[in-house]
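Reading through the structure tokens given below for one structure.
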Amino acid sequence: MPETVQPALEFDVEKYLRNSRKVDISDIDLSQAARYPVSDDEVRALTYMCDIESHTVVYLRAILNTCAIEDPQTTSFLSCWAYEEFFHGRTIRQFLDAIGAPVSATRMLEVQQASSFTEWLKELGSSILCRFSRHFHGAYLTYGAISELSTLEGYGVMAQRTQNPVLAEIVRRLAKDERRHFSFYYNKARLELRARNAQRLTNFVIRHFWLPVGGGVKSDSEVSWILSFILGNPEGAEIARRIDTTIAKLPGLEWFDRLSSSRDEALEAMGKEKEMSCPECRSVFVEERT
Ligand SMILES: [Fe+2]
Ligand SMILES: [Fe+2]
């Protein structure tokens with residue numbers, strides 16, 4: 001059995017509020033970043049993450065449109081959470097600037113305009129669902145837990161894999177924040193999901209509407225690319241299983257295997273794409289993955 005990420009048994013919201021601050025990189029000399037290698041794939045992954053971190057405020061608007069706004073603990077957390085996520089996006093942007101791969105000033109607007117109609121529908125659906133069931137809390141908290149855990153693991157992979165020590169340190173610090181975010185969503189979801197109806201509604205929402213981090217905001221091919229970049233190798237398969245196992249410990253979510261299945265689908269989609277553009281690359285790509 002793969003290990004699971006163990007959050008603290010209780011999440012101390014007051015402590016989180018007291019300690020919440022923007023990620024501090026004032027001791028990191030960004031002018032040194034360009035002295036070390038950064039691969040094109042890393043730039044692509046960082047641009048993806050920068051887009052998603054910066055998109056948090058749009059997600060916040062959607063989530064506050066639901067019954068999340070009725071829970072004082074959640075609204076306190078979300079206020080600080082959005083602030084921290086904003087600075088994650090800004091920090092990645094600073095790193096990309098420092099290595100000569102700047103993100104355009106209008107990038108956030110472009111990402112918002114590209115975000116799909118289904119995202120909008122999902123927002124609308126959430127606010128309507130809330131009017132009919134007080135159990136919707138379990139659904140968005142579970143969704144949040146999966147996203148934060150995926151992001152935390154993603155930054156961990158980048159920190160371990162990169163040849164650039166400046167980047168490694170930055171993503172390690174971002175991962176530290178993501179771990180606390182995950183802990184909030186996961187622990188609160190666990191409490192909400194004690195109710196059988198909350199489990200039913202959460203299962204419905206996750207089965208039908210769940211997407212990997214960036215899904216609905218980035219194109220499907222870009223989502224497949226990031227999944228295969230982060231999780232494509234055998235260690236990645238292990239990480240996907242670890243995320244699944246952790247989420248499957250939530251009440252009613254025993255079936256959860258979506259990270260592993262999304263990884264498989266992404267690898268298949270990437271293989272097909274490569275095969276179409278370069279048939280002889282197919283065997284090489286399959287070898288790379290195994
Ligand atoms: Fe973040
Ligand atoms: Fe986060």
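Numbering of ligands and ligand atoms starts at 1, following listing order.
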Between Phe136 and Thr202, does a side-chain contact (heavy atoms from CB on, under 4.5 Å) hold up when you go through it step by step? CA-CA 7 Å; Phe136 187 70; Thr202 299; over 6 Å; no

Ring centers of Tyr16, Phe184 separated by less than 6.0 Å: no

What are the protein N/O/S atoms, named by residue and atom, that sit under 2.8 Å from the Fe ion (ligand 1)? Glu53 OE1, Glu53 OE2, Glu85 OE1, His88 ND1, Glu178 OE2

Parallel, tilted or perpendicular for Tyr186 and Phe182, by the 30°/60° rule? tilted

With a 6.0 Å cut-off on the ring centroids, do Tyr59 and His55 count as close? no

Exercise: do His137 and Asp71 side chains pair donor with acceptor under 3.5 Å: no

Residues which pass salt bridge (Lys or Arg N to Asp or Glu O under 4.0 Å) with Glu222, listed by chain and number, not counting sequence neighbours: Arg44

